[in-house]
Amino acid sequence: MSTTIWPHLDELKGWRHDFHQHPETAFEEHRTSARVAELLRSWGLEVHEGLAGTGVVAVLRGARGEGPSIGLRADIDALHVTELNAVPHASQNPGRMHACGHDGHTTMLLGGARALASNPDFAGTVHFIFQPAEENEGGARAMIEDGLFKQFPMQAVYSMHNWPGLPVGTAAVHAGPVMAAFDVFSLTLTGKGCHAAMPHLGKDTLLAACQLVTQLPALISREQEVHKPAVLSVTSINGGDTFNVMPEQIKLRGTMRCFDMEQRARIEQRFRDAVAATATLHGLEVELDYRASYPATINTPEHAEVCAGVLTDLLGANSVRRDLPPSMASEDFAFMSQACPGVYIWMGNGEDSASLHNPKYDFNDRLLPLGVRYWVELTLGLLRDGKLPKA
Ligand SMILES: [Zn+2]
Ligand SMILES: [Zn+2]
């Protein structure tokens, strides 16, 4: 058996910094995706490009012959953020930035692919999934619609996210909900503009909008069982631009997050009721667009135990947190883990790391070799040591 070629830290950093310098946003990750495919091919993997446009899937078959099939997934897209870091590898694309660390996720999965391709000491098949457009645009759903699981059948799929606030060398595993479902809404209230000194001649959109801004978040505390987490935030209000005119139109936007699908449907219904009632009260027309965006990410418990075991061997028992509450942020890996058993873990990006989506965020290079080891040890645990839970 050949020995494993582990990518050197300098090599991993080189890939990561190159991705960081050239961030690309949803479905426009052409350079990133071409570089990923080129590296994978150079190590002899079977590479499929073009899933959901810029998605890449690489297939590696084990040297021990037939066996189960798994997927390892990284997201490759950046954000519409202007970088404020003064580092040599800072973004060269104005207004775009890897502020969520997907440059690091891509690099760690490439490192895992390289190590496993050099010594595929397992039975079965690994699919390395490089997914576009995680931020807002649902690239995971687009890959599935483009035939991800039909073209590449797999029994389970795994992913990870770097986690600011957790020390490097620690991880968190949830045996159940890990990331919330995500709805977005926008609504336009149309009344009758008038002189601010004669409001009785108009229909007041601004007063109605302000009532909604206070009423809608209160739906969570009044309509929901208190032990089920949910959050609703109105994030934008636009309308009016001077002292003495009541605006004809006001627009509101915001988001709702929760974990339970029945709860989600109920909140949406009560939201619609509240908006309609407020519009009637003030004699306004309302146009409402309430949309389910990502489902909740729910880890499959038996698979989560396998991941926690691999991480315990890698990092030590005290460095694998099992007690953290799930995040109210969302993740489109949910579409993949709805289609087959899945686990999404967090790996520490450092206690002093800027938060995700902050213009001073940077992926921590010290996490790179740990992520590579996790992918390799997880694969060997599942496909060599027989730890893959039975369906
Ligand atoms: Zn993000
Ligand atoms: Zn992210």
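Counting starts at 1 for both ligands and their atoms, in listed order.
Counted by atom type alone, T170 and R321 present zero donor-acceptor pairs between their side chains at under 3.5 Å. A donor and an acceptor atom, one from each side chain of E24 and H22, are nowhere located under 3.5 Å apart. H282 and D204 share no donor-acceptor pair across their side chains, judged by distance under 3.5 Å alone. E135 and H80 share no donor-acceptor pair across their side chains, judged by distance under 3.5 Å alone.
H357 contributes atom NE2 as its closest N/O/S atom to the Zn ion (ligand 1). The Zn ion (ligand 1) is closest to atom OE2 of E135 (considering only N, O or S atoms). If you look at H161 and ask which of its N, O or S atoms sits nearest the Zn ion (ligand 2), the answer is NE2.
None of the N, O or S atoms belonging to H102 lies under 2.8 Å away from the Zn ion (ligand 1).
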